[in-house]
Amino acid sequence: MARVARTVVVRSVRLPKKVFRIFVELEGMYRNMVEQLVVYAVRNGIKSFIKLRAFKYRELRAIYQHLPSHYVFTACQDASVRVKSFLRLERLGLTEKKYPEVRKISIWLDDHLWKPSGYTQIRIATHKGRKSIEIEPHKQYWKYVSRGWKLASEAKIKLDKKNRRLTIFLTFVKDVGEYEPEGYLPVDVNENNVSILVDGVAYLLETDTEKLVLGYHYCRKALQKKYDKLYGVKSRIKKKILRKLKEKKKKSDIRWKIANLIVRTARDKRYAIVLEKLGKNPANNMIKRIGDRQLRHRIFQASFKSIQKAIEEKAKEYGVPTIYVSPKNSSRLCPIHASPIKYGNGSRIGKCSQEGELWHRDVVACWNLFFKILRGDGSNAPSPAGYVLDGRVMPLPSTATHDPVGISKSLWARWKSLPQTQFATIINRMKR
Ligand SMILES: [Zn+2]
């Protein structure tokens, strides 16, 4: 059983001035506590929330007598998270400040500080007693409620002072059991596609990551330069323009769509998903145009990992097992003969140096992931053509060109799961 958690954001109705003022006061006190705590923790090198609480509980409790005592606990938790990330930045030399700045505040609540009351109301403990707050549920909220997700005991609230509302961050949790896999579905994340291998057929789901990632990168840089010159580094107008790019949203849309498609395909077949373990500095073949190798690499690693992360998250939700294997040599060696594949200059098609059969680079990676998981040892021993698994012969024709089925984003983005092979093959033929 694995616990899956999702954050859902809901707003409260517009609150009466009197009630909202209580929350403004509460936020003020909470902020003071967090500010004191981070200074104390950094000064004394305390990272653990339990230690922090042990040292500071009595003192804070004495100062904020009217506040429910659990706010001291949650402020300690909040502060310890801030301190940890601050110390990490400090170690990397990325901050010049002595203490973390406490700017944005959301008030952390534990099970003593809030309770749902019915589905459209929550009760929050304050220094002026418990307050009932009406929330405005939305479609997504009802989806979680109706599909058997449960509310976790932690929540956060943030004050929307302009509209006199509370923004409430709820966490829904569900326990999902993984099934025993009856087969494997290897997934290889590349620069411009995500390739998967389903029952011996390779599919290249085109993502245009390169265009998306690099395009945005250069666009953002250019805009920044322009607006920095015109209005200074911290201008609001720059922020506004950059937000209009909607970079994050577009990227995450693609991520979740592809994750959904792959996970549903695996679930329908009761397969496990096999992914490459991405290290910190894996050898990579994707540095072409960008001058700064490091930078280009970093940009792509971040986006590869986030696709994998999305797949992993979705898989958890559906109880689909995921397995990571070493990416070593995954597109360099022939899956059948374990001899090097020679790729022409910049070509994705290569030739096996032993038997001369042709391979598509991304298909090679998928097959190698597949065999690595079957062997279970991550070695590169030759795999016999027609690998026998559970008495079944796995299809691996050694004479074919191993052509993948390429599917453009505009197509797969609308699918809920992978359609039948024939259909996809026809599309591919039409494209060529
Ligand atoms: Zn070969």
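The first residue in the sequence is number 1, and the count goes up from there. Both counts, for ligands and for their atoms, begin at 1 and track the order of listing.
Remark: aromatic rings of F73 and Y57 are close, center separation under 6.0 Å.
Note that CG of L52 and CD1 of I46 are 6.0 Å apart. Values are rounded to the nearest 0.5 Å.
With the Zn ion (ligand 1) as the vertex, ND1 of H337 and OE2 of E357 span 110° to the nearest 10°. When SG of C334 and SG of C352 are joined through the Zn ion (ligand 1), the resulting angle is 110° to the nearest 10°.
Between H112 and H70, the ring planes lie parallel to each other; the angle is under 30°, not in the 30° to 60° tilted range.
Looking at W359, its side chain never comes within 3.5 Å of a backbone N or O of S331 through a donor-acceptor pair.
In summary, no N, O or S atom of E355 is located under 2.8 Å from the Zn ion (ligand 1).
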